[in-house]
Protein chains: 2
Amino acid sequence: MTPRRRATLRDIAAALDLSVNTVSRALAGKDAVSEETRERVRREADRLGYVPNTMARSLVLQNAMTIGLVITNPSNPFYARLISAIEARGRVHGYSLMLMVTEDSVDNERRVAEELMRWGVDGVLAVPVQHGTEHWERLGKSGTPVVLLNRDLPGLDADLVGVDYRDSARRATELLVAAGARDLYLVEEDLDISPVAERVRGFRDVLAEHGLTVGDDHLIKVPTRRREASSQPWDPIDSYAIGRDLARRVGPGSAVLAGNDYFALGLYRAFGEHGLRIPGDVAVVGHGDHPFAAYLAPPLTTVRLPAAQVGATAVDRLLELMARPGARAERDVSGSPRQILLPAEVVVRASTPEVP
Amino acid sequence: MTPRRRATLRDIAAALDLSVNTVSRALAGKDAVSEETRERVRREADRLGYVPNTMARSLVLQNAMTIGLVITNPSNPFYARLISAIEARGRVHGYSLMLMVTEDSVDNERRVAEELMRWGVDGVLAVPVQHGTEHWERLGKSGTPVVLLNRDLPGLDADLVGVDYRDSARRATELLVAAGARDLYLVEEDLDISPVAERVRGFRDVLAEHGLTVGDDHLIKVPTRRREASSQPWDPIDSYAIGRDLARRVGPGSAVLAGNDYFALGLYRAFGEHGLRIPGDVAVVGHGDHPFAAYLAPPLTTVRLPAAQVGATAVDRLLELMARPGARAERDVSGSPRQILLPAEVVVRASTPEVP
DNA sequence: ATGAAAGCGCTAACAA
DNA sequence: TTGTTAGCGCTTTCAT
């Protein structure tokens, strides 16, 4: 009942009339201890409910056994899955997770980077807010490896583990073109962040290959609305307005590639209200393969993101950097940091016409 | 470039020919330091890029400035929002978050509880897996307050901050009855977890009041499928099969209350395929108000959960317990732990008939 | 096989 | 105002 003080090595040592040192070694499984002593120590530790103090241990060992995870918004389903994957992989290697949420604010990001330095985490995995690299640079210089997640941060010399969005957009666009689309649109949020920029490239690549190049009015930016903290990452309403405009422009042969499934959903509604048929009048492809995608009417063709693999790979890469500080030097001939982009898969459902 | 050792108080002291202690006080803003010295210390700290070592500080202060957050699955959108809210509120008070994911496994939960003890976190917020209370009891006994999130854990003497699901189910059911429903169904996942049990109670309360009591065949349990880690929490497919069965049983006057919006979505499809009209042939109410809910056809009537408030309240309650270990004693007359259940709001949309 | 001593980086008495 | 000493709980030399 009385929340008494945690038992320490000293308590065990005192009870057994041993030195703290011996107890430490006994519990740590080192050899220089007689089996008999070890047993006694174990039993006493048990009796006292001894739990090792990780902080004390970390202090002397100079390793925190902790990974800092910096996420812009856990309500983004892709990031939620990333969190799970990273936590799981981290734990396998004995690492705990210090989670920081930035809500896409650079100020927050600076604060959390500082906080992670104070904790002396062994490494950092971060979905970076765009703009502002100095805080990550400080971390890197202080010997804490940083691996970027999902988004690249131009100007920062750090590795990246993410999704090959250029390829995913390319494949989605190819699917659309193969299915007969000739008038293609891309609906995205912030054109500045790297995944979006990559998708734009992939989209354009394919159009160019087919001589379908489109004007900038076909690259539609969904206005970023400022939302309360802990809110949903996107809301279909953001793209709904876009969809209403688009509805007047499209017709058979039109297709739109949306940066995420929520956007696609907003388009669905706008198109539906305008009497347009999907995919007859306009084809739609999403991004993310959220659980609802397969259940829309019609079921949404979308891009499935390899969240689990990205998370696991990022942890592995981080552990590599932590183990061999020199590893950062093994960069490509270009001298740029290492980028590991995992392939995404297009899941063909009924919002795109069948490919002849 | 060379990841040199972090600067410490000692480095500053040496450079300035002061004692470590003085430097500490200068930086901590204590009074017993001349303004001039303080300035010099500040400057040198800056020059050296000094960052305080939180672990060392925590070790002597005997507080970790850390809250342990134990979540079953971050991909559950409600939990994702909880994470954001908790992180934000925690940071306001200077606390960092150690995040642990259990994937609803008791084994994992035991491991993470142990891990949190080792870290000596100041308090724990946990969505408990059902069954198994000893690890939480150990934490509590060792002086670390535990506050349960969302789910109650019978048999454990701990506070709970969650949602008043009994009330939300009651209000949703009342809406249905007022709209003319006479044949009501409840579709839920695991009837053992407390939120579900509460919803069952609320559902039954209202039916009883209206003399509409239904048999157990109206309480439908969606089979829990085992899924890979970092997967989605639910999948509409789980309820789709249920929906196909239900489709044969329902007709005008029928209504189903689903434990979450994904279930509702699965029902939508099954009903649609069977030629049933929502809400004409069967009304549907969901739970969670996920971003897609408003965009379904028809837009889904559902229950909006107060995630941000639950998170903030939980942190506040935890801080209270941390500050005054005696606070746990202030329980209701019943002698049971304190339960703070926040009200949820029914968002009426078009999947329920208009109330006359 | 065990113990003594030192130290990780910091703060908190207590002296000077 | 500043310095000295001690100690948080642990691990790691180095003796014994």
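Reminder, nothing fancy here: chain letters follow the sequence lines and each chain counts from 1.
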Original post:
Do B:Trp136 and B:Val70 come close enough that some side-chain heavy atom pair is under 4.5 Å?
Top reply: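 Yes, their side chains come closer than 4.5 Å.
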[X] bridged to [Y] by N-O distance under 4.0 Å:
X	Y	result
B:Asp11	B:Arg5	yes
B:Asp107	B:Arg110	yes
B:Arg317	B:Glu320	yes
A:Arg40	A:Glu44	no
A:Arg138	A:Glu134	no

Can you check the [X] [atom1] to [N] [atom2] distance for me, whole Å?
X	N	atom1	atom2	answer
A:Leu27	D:dC10	CG	C1'	12 Å
A:Asn63	D:dC10	CG	C1'	12 Å
A:Leu48	D:dG9	CG	P	13 Å
A:Leu16	C:dT2	CG	P	11 Å

Subject >> 5'-most by nearest nucleotide on DNA chain D - B:Ala32 or A:Ala28 >> reply: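 With B:Ala32 and A:Ala28 compared, the 5'-side residue is B:Ala32.
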**OP:** Please round to the nearest 0.5 Å and tell me the distance separating atom CE of A:Met100 and atom CG of A:Leu116.
**Re:**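 CG of A:Leu116 is found 4.5 Å from CE of A:Met100.
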Does a side-chain N or O from [X] land closer than 4.0 Å to OP1 or OP2 of [N], or not?
X	N	answer
B:Ser34	D:dT2	yes
A:Lys30	D:dT12	yes
A:Thr22	C:dT2	no

Distances under 3.5 Å between nitrogen or oxygen atoms of protein and nucleotides 13-15 of chain D:
{"from": "D:dT13", "atom 1": "O4", "to": "A:Asn21", "atom 2": "ND2", "distance (Å)": "3.2"}

Original post:
Taking only residues two or more places apart in sequence, or in another chain, which ones meet A:Val33 in a side chain to side chain contact (heavy atoms under 4.5 Å, CB included)?
Top reply: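 Residues passing side chain to side chain contact (heavy atoms under 4.5 Å, CB included) with A:Val33: A:Arg25, A:Ala26, A:Thr37, A:Arg38.
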**OP:** Using the test side chain to side chain contact (heavy atoms under 4.5 Å, CB included), find all partners of A:Ser194 that sit at least two apart in sequence or belong to another chain.
**Re:**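 Testing A:Ser194 for side chain to side chain contact (heavy atoms under 4.5 Å, CB included), a comparison that skips the adjacent residues, returns A:Arg151, A:Asp152.
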**OP:** Using the salt bridge (Lys or Arg N to Asp or Glu O under 4.0 Å) rule, collect all pairs that involve residues 88-98 of chain A, keeping only residues at least two apart or in two chains.
**Re:**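 Counting only pairs at least two positions apart or across chains, the salt bridge (Lys or Arg N to Asp or Glu O under 4.0 Å) contacts touching residues 88-98 of chain A are A:Glu87-A:Arg91, A:Arg89-A:Asp316.
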Original post:
Base, sugar-phosphate, or nothing: which does A:Ser58 touch, judged by heavy atoms less than 4.0 Å apart?
Top reply: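 No contact at all - A:Ser58 keeps every heavy atom at 4.0 Å or more from the nucleic acid.
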Original post:
Which ones in residues 112-123 of chain A lie close to DNA chain C, meaning a heavy atom under 4.0 Å from one of its atoms?
Top reply: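 Listed by number, there are none.
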Original post:
Judged by modelled atom types alone, do B:His135 and B:Glu109 share a side-chain donor-acceptor pair under 3.5 Å?
Top reply: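 Yes, because at least one side-chain N or O of B:His135 sits under 3.5 Å from a partner of the opposite role on B:Glu109.
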Give each protein N/O atom lying under 3.5 Å from an N/O atom of nucleotides 7-10 of chain C, with the pair distance.
{"from": "C:dC8", "atom 1": "O2", "to": "A:Val60", "atom 2": "N", "distance (Å)": "3.4"}
{"from": "C:dG9", "atom 1": "OP1", "to": "A:Gln62", "atom 2": "NE2", "distance (Å)": "3.3"}
{"from": "C:dG9", "atom 1": "N2", "to": "B:Ala56", "atom 2": "O", "distance (Å)": "3.4"}
{"from": "C:dC10", "atom 1": "OP1", "to": "B:Tyr50", "atom 2": "OH", "distance (Å)": "2.5"}
{"from": "C:dC10", "atom 1": "OP1", "to": "B:Asn53", "atom 2": "N", "distance (Å)": "3.3"}
{"from": "C:dC10", "atom 1": "OP2", "to": "B:Leu9", "atom 2": "N", "distance (Å)": "2.6"}

